[in-house]
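One is the number of the first residue; the rest follow in order along the sequence. If you're wondering where the values come from, they're calculated on a predicted model, not measured in any experiment.
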Amino acid sequence: MEKKKILLLLSKFSDFKSRAIGFLTGFYFTHASIGLGEDKNTFYSFVDKGFIVEKISRYVRPDKTSAPCELYEAEVSDEVYEEVKDTLSGFVKRKASLHYSLPGLLLSLLHIPHKSRRRFFCSQFVAEVLGKCRAARLKKSSSLYFPRDLRKMPEMRMIFRGNMKGMLDQFHPELAVS
């Protein structure tokens with residue numbers, strides 16, 4: 001029987017916010033998302049508009065350069081997988097009451113832990129879900145995790161490096177854009 005997998009997607013977009021976060025954190029990848037192993041097109045995260053469900057196929061257009069990314073997976077038990085799935089469903093249901101945490105991001109840059117039930121920045125959210133559901137052991141507060149910290153988790157194994165178009169071509173050729 002194949003083990004269930006939790007996915008971690010790190011990416012970098014070319015907008016001002018991404019460049020600023022990259023400058024402040026000193027890491028190339030500036031955005032983190034979490035997904036479930038059976039669908040490498042759907043991921044969950046936080047952006048300046050709040051909680052979002054991301055479809056990688058929406059980011060890939062034939063007339064645009066595709067965003068660089070790395071995809072990681074962690075093998076988990078059925079119980080942990082279901083807990084992550086339920087937790088993500090809970091976030092989807094509460095979407096309207098969830099917000100991006102710019103103050104939280106700034107506190108994290110100062111290495112000051114903080115907690116909020118309704119406000120997250122992307123890598124904090126991913127770390128929170130991984131830790132709460134026991135998919136990974138956190139070594140510090142989830143509010144202090146940046147994308148570079150997530151990729152160093154011993155539970156994570158890189159399965160793809162390239163850009164979003166290449167990822168879509170490899171894992172979902174039926175959605176690939178020419």
Side-chain angles (χ1 to χ4, degrees), residues 3-13 15 17-48 50-56 59 67-77 80-81 83-88 90-91 98 100-116 119-164 166-167 171:
K3 280 252 188 185
K4 300 279 180 125
K5 295 181 174 95
I6 303 300
L7 303 172
L8 164 65
L9 178 65
L10 302 181
S11 54
K12 178 179 180 60
F13 295 96
D15 60 347
K17 188 178 107 187
S18 183
R19 287 192 302 272
I21 290 171
F23 175 77
L24 292 171
T25 63
F27 186 59
Y28 181 74
F29 291 107
T30 57
H31 183 63
S33 309
I34 188 170
L36 299 169
E38 72 263 3
D39 182 0
K40 292 176 181 73
N41 185 42
T42 305
F43 291 86
Y44 305 84
S45 193
F46 275 78
V47 296
D48 54 357
F51 178 78
I52 60 166
V53 177
E54 300 171 317
K55 295 286 189 182
I56 300 308
Y59 295 117
C69 66
E70 290 180 348
L71 182 63
Y72 296 80
E73 68 181 13
E75 288 189 349
V76 296
S77 67
V80 168
Y81 183 87
E83 193 169 342
V84 170
K85 190 174 183 178
D86 291 346
T87 299
L88 294 174
F91 273 89
L98 300 171
Y100 184 78
S101 182
L102 182 58
L105 177 61
L106 298 174
L107 288 169
S108 294
L109 290 168
L110 298 171
H111 306 284
I112 300 171
H114 59 283
K115 191 86 167 160
S116 172
R119 295 185 175 276
F120 297 87
F121 57 91
C122 64
S123 52
Q124 173 193 16
F125 163 70
V126 172
E128 180 76 16
V129 173
L130 290 172
K132 175 183 179 259
C133 298
R134 302 172 326 276
R137 289 190 187 151
L138 302 187
K139 295 182 179 181
K140 55 188 173 182
S141 167
S142 62
S143 66
L144 297 179
Y145 275 80
F146 291 111
R148 72 172 170 254
D149 303 311
L150 296 169
R151 78 191 300 227
K152 292 178 185 175
M153 291 177 157
E155 297 86 355
M156 293 295 163
R157 180 178 67 88
M158 184 188 301
I159 60 169
F160 179 83
R161 174 185 281 155
N163 61 38
M164 290 190 178
M167 191 175 99
F171 297 111

Task: Residues in side-chain hydrogen bond (donor to acceptor under 3.5 Å, both in side chains) contact with Lys55, at least two apart in sequence or another chain - done: Thr42
Open item on the list: With a 4.5 Å cut-off on side-chain heavy atoms, are Phe46 and Ile52 touching?
Closed with: no
- [ ] Could you check Tyr145 against Lys152 for side-chain contact (heavy atoms from CB on, under 4.5 Å), going step by step and ending with a plain yes or no?
- [x] CA-CA 11 Å; Tyr145 275 80; Lys152 292 178 185 175; over 6 Å; no
- [ ] Drop me the distance from Leu107's CG to Ser116's OG, to the nearest 0.5 angstrom.
- [x] 11.0 Å
- [ ] Can you sort out the partners of Lys85 under side-chain hydrogen bond (donor to acceptor under 3.5 Å, both in side chains), two or more places apart, ordered by chain and number?
- [x] none
TODO: Starting at CG of Leu106, measure out to CZ of Phe121 and round the result to the nearest 0.5 Å.
DONE: 9.5 Å
Open item on the list: A side-chain contact here means heavy atoms from C-beta on lying under 4.5 Å apart; do Val47 and His31 qualify?
Closed with: yes
Open item on the list: Taking Ile56's backbone N and O only, do any of them form a donor-acceptor pair with Asn41's side chain (distance below 3.5 Å, no angle check)?
Closed with: yes
Open item on the list: Checking Thr30 now: which residues fulfil side-chain hydrogen bond (donor to acceptor under 3.5 Å, both in side chains) with it, not counting sequence neighbours?
Closed with: Ser18
Task: Minimum-distance pair of heavy atoms, taken over all atoms of Cys122 and Ser45 - done: CB-OG, 3.3 Å
Open item on the list: Minimum heavy-atom separation for Leu8 and Ala32, please, with both atom names.
Closed with: CD1-CB, 4.4 Å
Open item on the list: I'd like to check Phe171 versus Ile159 (side-chain heavy atoms, cut-off strictly below 4.5 Å). Are they in contact?
Closed with: yes
Open item on the list: Once salt bridge (Lys or Arg N to Asp or Glu O under 4.0 Å) is applied, do any residues pair with Glu83, and if so which ones, sequence neighbours excluded?
Closed with: Arg134
- [ ] Please answer whether the main-chain N or O of His111 pairs with a side-chain N or O of Ser108 as donor and acceptor at a distance below 3.5 Å.
- [x] no
- [ ] Kindly check if the number of other-residue, nucleotide or ligand heavy atoms within 6.0 Å of NZ (Lys115) is above 12?
- [x] no
Task: Set of residues satisfying side-chain hydrogen bond (donor to acceptor under 3.5 Å, both in side chains) with respect to Glu70, sequence neighbours excluded - done: Tyr72, Arg151, Arg161
Task: Phe120 and Phe51 aromatic centres sub-6.0 Å - done: no
TODO: Find out whether Leu88 and Ile34 are in side-chain contact, i.e. whether some heavy atom of one side chain is under 4.5 Å from a heavy atom of the other.
DONE: yes
TODO: Using a 4.5 Å cut-off on heavy atoms from C-beta on, say whether the side chain of Tyr100 contacts that of Arg119.
DONE: no
Task: Reported CZ-to-CG distance for the pair Phe160 and Leu7, which is rounded to 0.5 angstrom - done: 13.0 Å
- [ ] Under the salt bridge (Lys or Arg N to Asp or Glu O under 4.0 Å) rule, collect the residues that match up with Arg148, sequence neighbours excluded.
- [x] none
Task: Interatomic spacing from OG in Ser142 to CG in Leu130 - rounded to 0.5 Å - done: 10.0 Å
- [ ] Can you measure from CZ (Arg137) to CD (Glu155) and round to the nearest 0.5 angstrom?
- [x] 7.5 Å
Open item on the list: For a quick test of reading the model, state the closest non-hydrogen atom pair linking Leu71 to Phe43 and the distance between them.
Closed with: CD1-CZ, 3.8 Å
Task: Any side-chain heavy-atom pair of Val84 and Val129 under 4.5 Å - done: yes
- [ ] Would you give the length of the straight line joining atom CG of Leu150 to atom CZ of Phe29, rounded to the nearest 0.5 angstrom?
- [x] 12.5 Å
Task: Heavy-atom pair of closest approach, residues Tyr44 and Gly35 - done: CD1-CA, 4.5 Å
Open item on the list: Is any side-chain heavy atom of Leu9 closer than 4.5 Å to one of Met167?
Closed with: yes
Task: Lys140 atom NZ, over 12 foreign heavy atoms within 6.0 Å - done: yes
Open item on the list: Minimum heavy-atom separation for Ala127 and Leu138, please, with both atom names.
Closed with: O-CD1, 3.5 Å
Task: Heavy-atom closest pair, residues Ser141 and His114 - done: OG-O, 4.3 Å
Open item on the list: Under a 3.5 Å cutoff, is there a donor and acceptor pairing between the side chains of Ser33 and Glu54?
Closed with: yes
TODO: Answer yes or no: is there a side-chain heavy-atom contact under 4.5 Å between Asp48 and Lys17?
DONE: yes
